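Just below is one structure, and these are the notes that go with it.
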There are 2 protein chains.
Amino acid sequence: MPGKPPKTGRKPAGSRRRAVAAAAQPAAPQISDRRRVTSYDVAKRAGVSQSAVSRCFTEGASASSDLREKVMRAAEELGYRPNAIARGLITRRSNLVAVVISSRTNLYYPEVLFELTTRFEARGSRVLLFALEHESDVDHVLDKVFSYQVDGVVAAARLSDAQVVQFERHGIPVVLYNRFADRAPASSVCCDHLEYGHRLAERLVAAGHKSFGIIDSPADSFVGIERIKGVRGVLKAHGFDAPSVRGDYGYESGGTALAELLKKTRKRPAAVICANDAMALGAIDYARNELGLEIPKQLSIVGFDGIGPAYLAAYRLTTVRQPVRRMTEAAVSMLMERIEDPTLAPEKRMFSGDLVEGASARLGPA
Amino acid sequence: MPGKPPKTGRKPAGSRRRAVAAAAQPAAPQISDRRRVTSYDVAKRAGVSQSAVSRCFTEGASASSDLREKVMRAAEELGYRPNAIARGLITRRSNLVAVVISSRTNLYYPEVLFELTTRFEARGSRVLLFALEHESDVDHVLDKVFSYQVDGVVAAARLSDAQVVQFERHGIPVVLYNRFADRAPASSVCCDHLEYGHRLAERLVAAGHKSFGIIDSPADSFVGIERIKGVRGVLKAHGFDAPSVRGDYGYESGGTALAELLKKTRKRPAAVICANDAMALGAIDYARNELGLEIPKQLSIVGFDGIGPAYLAAYRLTTVRQPVRRMTEAAVSMLMERIEDPTLAPEKRMFSGDLVEGASARLGPA
DNA sequence: CTGTTAGCGCCTTCAA
DNA sequence: TTGAAGGCGCTAACAG
């Protein structure tokens, strides 16, 4: 193809397109197929070059106010909006971040997703949402994440080390939300569930409780495992043992687990520690309505999370609350920093939460 | 490349790029700037043309299994993923849909967002999320929606007629979730809030209640207005009048509104109808704890929504529940149909909900 | 079945 | 300051 004079570049772009559009008209009865308006259309109407239009829509590009005005008017008249997709293709910055979130996280912390989104929005990034029914669906979803050329990822779901490394290889910054990578050095924001466990158990021991029961989390819940590990550590240090039964994190399961727990122990424990609030509420209702117990006089019940219903007057649950606002803010700013400067080293930020004393556990002297 | 007069077309793409990357190396200490791997890289490695690679990654394109295998291996080794953004640019189909949702909707129906996302996911579309703190922020957000060339929009927030028309003009299908357009002919899925109001009120009248009070919604809530209009219609038809006080949809507001309501009426009404569940719960707690009333023996309280806490044993609220699953499914399928065929006429789908009898209202004979 | 070619809509040097 | 030209990574005719 040496002597190829005629067909270099794409000179007649504008005119060619128009021709295409015209040719398409007869076929489509509706004008629904009407092309989107591009910077070329605006340029033509304003009587300037396409690149001039581009500059008018780019932050901090040089253009005379005269030109700017002509372009803006034409754009207005045509209803032109720069195509963020095309822009991203060339700038290698899509301004898209992926949020991968499990239904479990969303169920107990519906505000997390919302907070993340508004904060990213405020910093000029859009959220591409990936919802997982089961934490194990991650792999299936990651392909899509990569395909969309997101600038970064917030993962509020379990990622394997291999998956974390994969992001690394692709040069896409990741921040884990409320979990750590097993071994890979990934950035994360997390609350200190272990410490929460410690705090809550210490508080109960200090109040003079002498016997305990535990309603444990599903075996695959990182958060639950940490919490209960924290609890167990303290109890053990004080010489207490605590029988436990696993629940599934659901409200119903709190009641059934409590029943089972009581079957296992000869004597009713003074305090029951549940791996999350939903089960604690279930346990309270079961204790009150099925066992006729007064809470907290005859039985103390505590949870973790600080979900909405825990504050209702009928429960006033004693629990530990995650500082969701601070955590989402941290996740967003850590990710944005790493998008700006991908060489930044990973960082873990750990947040402590508030102990909500509530009224579902005896915390004063007996 | 025989007598290649330097600059025609883009033949030497691969080599040129490599050169660029190499040039960038010295500057960046890290290889973080490493280019993403493209179909050209895969093609080169597999010893085939770039379009061959493209075909291997397109559904239903013709390619020999031999070629397919070579390409797939090379892609695997390089960690190649087709760039969905670039693909969308040329196919005019981004496979992106926007979901615009207000914090209020998200607060009372956290599952809506999740359901929409998983359903779109199942049909091959990704969700670009736009969260509104206030319903009035819509305008601000629409620019972004247009910029990202989404294939369609689900709006669970108040859109003005002008905004609906704007989508129309751009040829982007829209489905309104849980609201109607004022006048513009837009597709929507909605539950029949008016009918909910009728049902609930009829049920209370049938049970023999003779006096009523209303805890109304904020004045700008479409949903609340409809519900209460339905209630009022029935009460009026039976010759009852009902004093009302406005709440803000929040739990706290249920209690304060109830207090105010009782101040307004000489005699305590038999039943109080709240525009949503959150306020109903607040009213119940206030009635029990501040007024020492037994619910429902001394006062019946009902709500709308069927939010999670309404089912807790301590409340067992009498309410009307939205069929969220059916509604989200309808919204998604309506939108997808219109993306496939933009000439489809708008359609409104109206869903009836379930009356949850609960235990917060006397529904049997007095 | 495979490779060639011409863009999708935009940004970005490079000259003028 | 402005315009011309060359891609970003990919798909889609169209030849062969």
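Every chain is numbered from 1 and lettered A, B, ... according to where its sequence line falls, protein lines coming before strand lines. Side chains are part of it too, since the values below use all heavy atoms of this structure and drop only hydrogens, waters and symmetry mates. Since the structure is predicted, the reported quantities are computational estimates derived from the model, not experimental observations.
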**Prompt:** dG3(D), dC10(C), dG9(C): which one has an atom nearest the side-chain heavy atoms of Arg92(B)?
**Reply:** dG9(C)
**Request:** Would you mind reading off the distance between Arg93(B) atom CZ and dG9(D) atom C1', rounded to a whole angstrom?
**Result:** 20 Å
**Prompt:** By a strict heavy-atom criterion of less than 4.0 Å, which residues belonging to residues 70-87 of chain B are in contact with DNA chain C?
**Reply:** none
**Message:** I'd like to know if Gln149(B) reaches the base of dC8(C) with its side chain such that a donor and an acceptor end up less than 3.5 angstrom apart.
**Reply:** no
**Short side-chain N/O contact to dG3(D) OP1/OP2 from Ser49(A), under 4.0 Å** = yes
**Prompt:** Just how far, in rounded Å, is C1' of dA12(D) from CD of Glu59(B)?
**Reply:** 17 Å
**Prompt:** Thr91(A) has a side chain; which of dT12(C), dG3(C), dC10(D) sits nearest to it?
**Reply:** dT12(C)
**Request:** Name the nucleic acid region contacted by Ser62(B), choosing base, sugar-phosphate or nothing; use a 4.0 angstrom heavy-atom cut-off, strictly under.
**Result:** base
**Fill in**
Lys44(B) NZ to dC10(D) P, in whole Å, measures 15 Å
**Prompt:** Between Leu113(A) and Asn106(A), is a side chain to side chain contact (heavy atoms under 4.5 Å, CB included) present by the stated rule, with each step listed?
**Reply:** CA-CA 7 Å; Leu113(A) 187 50; Asn106(A) 195 57; 3.9 Å; yes
**Message:** As a quick check of understanding, evaluate salt bridge (Lys or Arg N to Asp or Glu O under 4.0 Å) for Arg93(A) and Glu340(A), giving each step before the final call.
**Reply:** CA-CA 10 Å; Arg93(A) 202 32 216 265; Glu340(A) 299 303 341; 3.7 Å; yes
**Prompt:** Do the side chains of Ser94(A) and Tyr148(A) get nearer than 4.5 Å, heavy atoms only?
**Reply:** no
**Item:** Gap between atoms CZ and P, on Phe146(B) and dG9(C) respectively (whole Å)
**Value:** 17 Å
**Request:** Name the orientation class of the two ring planes belonging to Phe146(B) and Phe167(B) (parallel below 30°, tilted from 30 to 60°, perpendicular beyond 60°).
**Result:** tilted
**Item:** Crowding at CD, Glu77(B) (>12 non-hydrogen neighbours, <6.0 Å)
**Value:** yes
**Asked** Toward the 5' end of DNA chain C, which comes first, Leu89(A) or Thr58(A), by nearest nucleotide?
**Response** Leu89(A)
**Asked** Given dC10(D), dT2(D), dT2(C), which nucleotide is nearest the side-chain atoms of Ile90(B)?
**Response** dC10(D)
**Asked** From the list dC11(C), dG3(C), dT11(D), which nucleotide is the closest neighbour of the side chain of Gln50(A)?
**Response** dC11(C)
**Prompt:** Any Lys/Arg nitrogen of Glu329(A) or Arg123(A) sitting under 4.0 Å from an Asp/Glu carboxylate oxygen of the other?
**Reply:** yes
**Prompt:** Touch check for Ser54(B), heavy atoms < 4.0 angstrom, all strands: base, sugar-phosphate only, or nothing?
**Reply:** base
**Item:** Minimum-distance nucleotide (side-chain atoms of Arg55(A) versus dT11(D), dG9(C), dA4(D))
**Value:** dA4(D)
**Asked** Looking at CZ of Arg338(B) and CE of Met334(B), how far apart are the two atoms once the value is rounded to the nearest 0.5 Å?
**Response** 5.0 Å
**Asked** Base, sugar-phosphate alone, or nothing: which one does Ser64(A) contact when heavy atoms must sit under 4.0 Å apart?
**Response** sugar-phosphate
**Message:** Need to verify one output field. Residue with the more 5' nearest nucleotide on DNA chain D, Val53(B) or Ala52(A)?
**Reply:** Ala52(A)
**Asked** Can a donor-acceptor pair under 3.5 Å be found between the side-chain atoms of Ser51(B) and the base atoms of dT4(C)?
**Response** yes
